Amino acid sequence: MQRYDPALIEPKWQKVWDEALTFKAIRSADKPKYYVLEMFPYPSGRIHIGHVRNYTMGDVIARYKKQNGFNVLHPMGFDAFGMPAENAAMASGGHPKDWTYSNIDTMVEQMKPLGFGLDWSRMFATCDPEYYGQQQALFLDMLQAGLVYRKNAVVNWDPVDMTVLANEQVENGRGWRSGALVERKELTQWFFKISDFSGELLDALDSLDDWPAKVKLMQANWIGRSRGLQFAFSTIEAPEGFDRIECYTTRPDTLLGASFVGISPDHPLARALEEENAELAAFNADCRRMGTSEEELEKAEKRGFDTGLRVRHPFDTAWELPVYVANFILMDYGTGAIFGCPAHDARDHEFATKYGLPIVATFTPLEGEHDIQAAPFVPMKSEKVRYTRLVAGEEEQTGDAAVEAAVAFCEANGVGHGVTKYRLRDWGLSRQRYWGCPIPVVHCDTCGVVPEAKENLPVLLPYDEGGTPIDFSIPGNPLDRHPTWRDCTCPTCGAAARRETDTMDTFVDSSWYFARFTAPDADTPTVAEDAAYWMNVDQYIGGIEHAILHLLYSRFFARAMNITGHLPEQCREPFNALFTQGMVTHAIYKTEKDGRPVYHYPEEVELRDGGAFLADGRAVEIIPSAKMSKSKNNVVDPVAIIGQYGADTARWFVLSDSPPERDVEWTAAGAEAAHRHLARVWRIAAEVVAADAPASAEDEALLREMHKAIHDVTLGVESFGFNAAIAKLYGFTNTLSKSQAGSGAKRQAARVLAQLMSPMTPHLAEELWQMLGGEGLIANADWPKADPAMLVEDTVTLPIQVNGKRRGELTVPKDMAKEEIEKLVLAHEAVVRTLDGAAPKKLIVVPGRIVNVVA
RNA sequence: GCCCAAGUGGCGGAAUGGUAGACGCAGGGGAUUCAAAAUCCCCCGCCGCAAGGCGUGCCGGUUCGAGUCCGGCCUUGGGUACCA
């Protein structure tokens, strides 16, 4: 008998699929379409086992849908612009373009042996001029539609390298290469008006029924709609033009607990005051040295500076409050000014305690005491409290009610007005970097900022500088210092002009690639017929790390593309269903030498007696389930795995051991077991083919199990329960292996087993299908249907609980009357023993499920 | 700091509010074999001789019944707007 040999069968079937154009997506009106997309990879150099898991999940769905009669689109591409390519060029010479395309070639070569049912003819990389040129066209249309504008914004500036740094390139306030203290620098930059869509992007989340609730919640919090009061404090003897300080607050009901006013170091008033106050200027300068990330700002120690300026309370002009500049107040949220109510806000409480400001409660708990000096009292807004310093409304009311009453009261008394604000800020897309899509505008001395003419697109990235390749060892933006690239003529007046040297944020590239896949070669961004047929993405799959930015930006882009005529109305929400998968992790093997950690490759470690040991017998510490990292030597290379076990084993294992939304730990033993199982299925199929047993009484039992397997596996695949589907397949394999049924029934069962496995292990399945006499390719065969009549059981086993603890069980006909069951239960030995003659307090019979006797 | 998740045997995990531990790994026992590999069969949460008791990160609550729902913590992971 032949052995299961993936090295032989996998290339064979890949060639067959390829030549038959099995997975080529062709528009066809007579079939329903299904668009499956996994978030495309960054071309980092080699594929990662995490990619294998991600694309295997998509492939299972794609193959399953194809077998269910859908016309499937399942494409692949590369998110190819971005910093790592420039970093590589800086670190080891070479050119970002060469590095990127060489990585793409390698990764495609590594992906193909995995046997994914992809339409490779649609592949593109976002750094292809054919792609980014269309992106520039989109940008121009958005500019014309009023969805893009310029304003000033701050960046991390490295004063030594004279370069803009990404947040991740700032380490403890210093540039990662130069070590210089990072400064904030204000630059004029391009922005997308995503904030125009705040309300719509928030409200439309409700329509996304097949998105994970957690992702919708994260997006909702990120957009952050709040209802509050915008009002002003009048100042006392402030500099010219600062008679009022505009404030926004979500807690106007606590205005009578106001203790101070805080303004951002970037607030115009703070800037005006620092002209006359060197100490304040120094404080502000210090604040501005902080990084630009929200995390850093929030984690920094809360510091304030008393400006000496005072304001009047809006309800009582005799009540004066001090004005502080505070480092935790953001200029770009609200008005850049707040009032502090230490009694009911943790941060304000900390601030007031630090600077000796009064802490005055405006409400107390309905029951019990609260020492407001010791800790702030911050109940849920939905909770009722008792107001002791009431602005408006009932004395006892919820925070929500009090806020509404306070807004109404303030409006009636001319103190500000109620407003709805969003936390979501406009999307800054300018990057002062080379390896990105050039922003297609021209700066002309007479005409100002002018869009490039569409016929001049794409604005190509220059490869060299007057014949010599660009030198990436010099920090800064090569486009900016290029001798000739910036020189152009103004599309409006024809005079000499300069190109914009900023490129686009790489999130722009990934915000519409899914639409481009529907017509990847078109000389417009999209083609109406193709977009109308293939869009939306029916199932999108990717990591939870993209829950907010990528997905929100894509939702915005779909709207922008609809407005600019590149997508139909029904594509404003481009992803019908979303699934977020977990990572593949691997144990780290660690020893120590001279107090420093030493990480060992799995090959160097022997696992025995529940521990891990080196060849010289030394024990190794095992850190389980760690994120794979080159520096920890715990990366699993898919190429090696395929070489050792074949693609089907890798695909089977990454799906089998954990639910797809959770992390899965790669273990050599698990992969070994997966491989053993596939070999076993092969053996069983071969035995079934060779056998010649007559029909038997066992046939029906086997076929019943077969229909149950069809039912359970179908449900598993439909609901992303791949691990559960695989557990059922293990069970069904065991049943088939032990069954004494006749050869006819066994052959039928084995064919169904091959079909149920085919989305996960497509090569093995094709081979078994052929062995068992299946017609055509299993990839094209119809998915089996479970016969409902074969799923019905006629008896049911009920567990008997006494006081909620299991004490026995009872097998009864499925439709036995409740009264009959009660009689049997009360006669049950365990129940009689416990009740000891007493009558039960309660008897709960849940038909078909359980019985509980309350003694 | 803030937002969102996750936490169940030695390990990965299963379980519409209804028998906690499916399935797999590791481990133990047996069959087969001259022997081994491969394969096949059985056992396998903890304590206890047993009866039984205890068990889903911790503390409390709702319920006839909680891994599942509610409140409060702890730990780990993701995001935090220039990593992708």
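Lettering follows sequence order; numbering is per chain, from 1. All values reported here derive from a predicted model rather than from experimental measurement.
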Which heavy-atom pair separates A:S430 from A:W190 by the least distance, and what is that distance?
OG-N, 2.7 Å

What's the closest nucleotide to the A:K805 side chain, out of B:G18, B:C54, B:G1?
B:C54

Distance-only donor-acceptor test, A:R807 side-chain atoms vs B:U19 base atoms, 3.5 Å
no

Do A:Y131 and A:W512 meet the criterion of a side-chain donor-acceptor pair at a distance under 3.5 Å?
yes

Distances for protein N/O vs nucleotides 70-80 of chain B N/O pairs under 3.5 angstrom?
{"from": "B:G78", "atom 1": "OP1", "to": "A:K627", "atom 2": "NZ", "distance (Å)": "3.0"}
{"from": "B:U80", "atom 1": "O2'", "to": "A:E294", "atom 2": "OE1", "distance (Å)": "2.7"}
{"from": "B:U80", "atom 1": "O4", "to": "A:E295", "atom 2": "OE1", "distance (Å)": "3.2"}
{"from": "B:U80", "atom 1": "O4", "to": "A:E295", "atom 2": "OE2", "distance (Å)": "3.2"}

What is the distance from CG of A:L715 to C1' of B:C23, rounded to the nearest Å?
17 Å

N/O to N/O distances under 3.5 Å, protein versus nucleotides 6-8 of chain B:
{"from": "B:G7", "atom 1": "OP1", "to": "A:R662", "atom 2": "NH1", "distance (Å)": "3.4"}

Atom NE2 of A:H550 and atom P of B:C83 are separated, to the nearest Å, by 16 Å

Rounded to the nearest Å, what distance is computed from the CG atom of residue A:N327 to the C1' atom of nucleotide B:G1?
12 Å

So is A:R423 actually on top of A:W222's ring, under 6.0 Å and inside 45° of the axis?
yes

Nucleotide of B:G1, B:C40, B:A26 approaching A:R680 most closely (side-chain heavy atoms)
B:C40

Compute both the distance and the angle, then confirm whether A:K302 meets the cation-pi test with A:F351: under 6.0 Å from the six-membered ring centre, within 45 degrees of the axis.
no

Would A:Y540 and A:E38 count as a side-chain hydrogen bond (donor to acceptor under 3.5 Å, both in side chains) if you check the C-alpha gap in whole Å, the side-chain angles of each, and the deciding distance to 0.1 Å?
CA-CA 6 Å; A:Y540 197 31; A:E38 302 96 50; over 6 Å; no

Which nucleotide, B:C25, B:U16, B:U19, lies nearest any side-chain atom of A:R849?
B:U16

If the P atom of B:A5 is compared with that of B:C11, how far apart are they to the nearest Å?
27 Å

CA sep, side-chain torsions, deciding dist, call: A:W427, A:D505, side-chain hydrogen bond (donor to acceptor under 3.5 Å, both in side chains)
CA-CA 9 Å; A:W427 171 10; A:D505 177 8; 3.0 Å; yes

Atom CD1 of A:I49 and atom CG of A:N54: how far apart are they, to the nearest 0.5 Å?
12.0 Å

Taking the six-membered ring for Trp, is the centroid-to-centroid distance between A:F192 and A:Y553 below 6.0 Å?
no

Please work out if A:V851 contacts a base, only the sugar-phosphate, or nothing of the nucleic acid, heavy-atom cut-off 4.0 Å.
nothing

If you measure from CG on A:L552 to CD1 on A:I223, what distance do you get to the nearest 0.5 Å?
5.0 Å

Nucleotide-level pairing of RNA chain B, given in dot-bracket where Watson-Crick and G-U pairs need both distances under 3.5 Å and | marks other strands
(((((((..(((.....[....))).(((((.......))))).(((....)))..(((((..]....))))))))))))....

Using whole Å, report how far NZ of A:K728 lies from P of B:G24.
12 Å

Under 3.5 Å, which protein N or O atoms sit close to an N or O of nucleotides 43-48 of chain B? Give each pair with its distance.
none

Specify the separation, in whole Å, of atom CG of A:N734 and atom P of B:C40.
9 Å

Report the distance from atom CD1 of A:I104 to atom P of B:A84, rounded to the nearest whole Å.
15 Å

Between the CD1 atom in A:I104 and the OH atom in A:Y42, the distance rounded to the nearest 0.5 Å is 9.0 Å

Distance check: side-chain N/O of A:N221 vs OP1/OP2 of B:C4, anything under 4.0 Å?
yes

Of all the nucleotides listed (B:C23, B:A84, B:A81), which has the minimum atom distance to the side chain of A:A727?
B:C23

When we call it a touch if two heavy atoms are under 4.0 Å apart, what does A:Q189 touch: a base, just sugar-phosphate, or nothing?
base

Counting the atoms with a prime plus P, OP1 and OP2 as sugar-phosphate, which does A:A547 contact under 4.0 Å by heavy atoms, base, sugar-phosphate, or nothing?
nothing

Out of B:A84, B:C42, B:C23, which nucleotide sits closest to the side chain of A:D79?
B:A84

For A:V155, which of A:R431, A:K185, A:R184 qualifies under side chain to side chain contact (heavy atoms under 4.5 Å, CB included)?
A:K185

Under 6.0 Å from the NZ atom of A:K728, do we count more than 12 heavy atoms belonging to anything else shown?
no

Start with the C-alpha gap between A:N87 and A:R177, add the side-chain angles, then the distance that decides, and say whether side-chain hydrogen bond (donor to acceptor under 3.5 Å, both in side chains) holds.
CA-CA 11 Å; A:N87 292 341; A:R177 285 171 183 281; 4.5 Å; no

Students often get this wrong, so: under 4.0 angstrom with heavy atoms, is A:G82 touching a base, only sugar-phosphate, or nothing?
sugar-phosphate

Relative to its sugar, using the 90° cut-off around 0, the base of B:G9 is syn

Are A:S226 and A:T250 linked by a side-chain donor-acceptor pair shorter than 3.5 Å?
no

Output the rounded distance in Å from CG (A:L424) to P (B:C2).
22 Å

For the residue pair A:W682 and A:Y4, does the interplanar ring angle fall in the parallel (under 30°), tilted (30 to 60°) or perpendicular (over 60°) class?
tilted

Would you classify A:Q432 as touching base, sugar-phosphate or nothing, given that sugar-phosphate means primed atoms plus P, OP1 and OP2, and contacts are heavy atoms under 4.0 Å?
base

Applying a 4.0 Å non-hydrogen cut-off, can you work out what A:S44 is touching in the nucleic acid: base, sugar-phosphate, or nothing?
nothing

Give the C-alpha distance, both sets of side-chain angles, the deciding distance and a yes or no for side-chain hydrogen bond (donor to acceptor under 3.5 Å, both in side chains) between A:Q169 and A:N156.
CA-CA 9 Å; A:Q169 295 175 317; A:N156 299 307; over 6 Å; no

Going by atom types alone, do A:N152 and A:T188 pair a side-chain donor with an acceptor below 3.5 Å?
yes

Whole angstrom is fine here: how far is it from CD1 in A:I726 over to P in B:C25?
13 Å

When rounded to the nearest Å, what value does the distance between C1' atoms of B:G17 and B:G28 take?
37 Å

For A:K216, report the nucleic acid contact type (base, sugar-phosphate, nothing); a contact means any heavy atom under 4.0 Å.
nothing

For residues 649-660 of chain A, which residues have at least one heavy atom under 4.0 Å from RNA chain B?
A:D657, A:S658, A:P659

OP1 or OP2 of B:C25 sitting under 4.0 Å from any side-chain N/O of A:R676?
yes

Heteroatom pairs (N/O) under 3.5 angstrom, protein to nucleotides 60-65 of chain B:
{"from": "B:C64", "atom 1": "O2'", "to": "A:N852", "atom 2": "ND2", "distance (Å)": "3.3"}
{"from": "B:C64", "atom 1": "O2", "to": "A:N852", "atom 2": "ND2", "distance (Å)": "2.6"}

